[in-house]
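Residue numbers run from 1 in the order of the sequence given.
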Amino acid sequence: MATSTPEREVTEAAQKTGTDPWVIAAGASVILSWYEFFLRDNKEMGLFVGLWPPTFLAFASYFEQRRMGSVLDRITGRSGVIDSVERMIQNR
């Protein structure tokens, strides 16, 4: 059975996400956090480094949303700033 186009796109997106630098950085910081907390018995540093992965993933999500928004604007022919100002004026 041949893979349909949407399934192929989902597979490609999943493969890209696994090698995303932000995801790799988040995974590495989890490992570093465990190392500091359990092996070096440096609890404060382990907790500090353990707070990094959500921040890395939040940055990744923000940049991905911005990229998807610009692609959507380009496809629909909208310019984000101009449409935002027009909507703001119309809402008044």
Rounded distance [0.5 Å steps], CD in Glu64 versus CG in Leu57: 12.5 Å
Spatial distance of atom OH (Tyr62) from atom CZ (Arg66) [nearest 0.5 Å]: 4.0 Å
Write out all pairs satisfying ring-ring contact (aromatic ring centres under 6.0 Å, His included) with one or both partners inside residues 25-45, taking only residues at least two apart or from two chains. none
Mind checking whether Phe48 and Leu39 sit in one hydrophobic cluster, side chains of I, L, V, M, F, W, Y counted as touching below 4.5 Å? yes
Taking side chain to side chain contact (heavy atoms under 4.5 Å, CB included) as the criterion, tell me which of Val49, Leu51, Leu47 meets it with Ser33. Val49
With side chain to side chain contact (heavy atoms under 4.5 Å, CB included) as the test, pick out the partner of Glu36 among Glu44, Met45, Lys43. Met45
Nearest-0.5 Å distance, CZ of residue Phe56 to CD1 of residue Ile24: 12.5 Å
Ignoring hydrogens, what is the shortest heavy-atom contact between Pro53 and Gly50? Give both atom names and the distance. CD-O, 3.2 Å
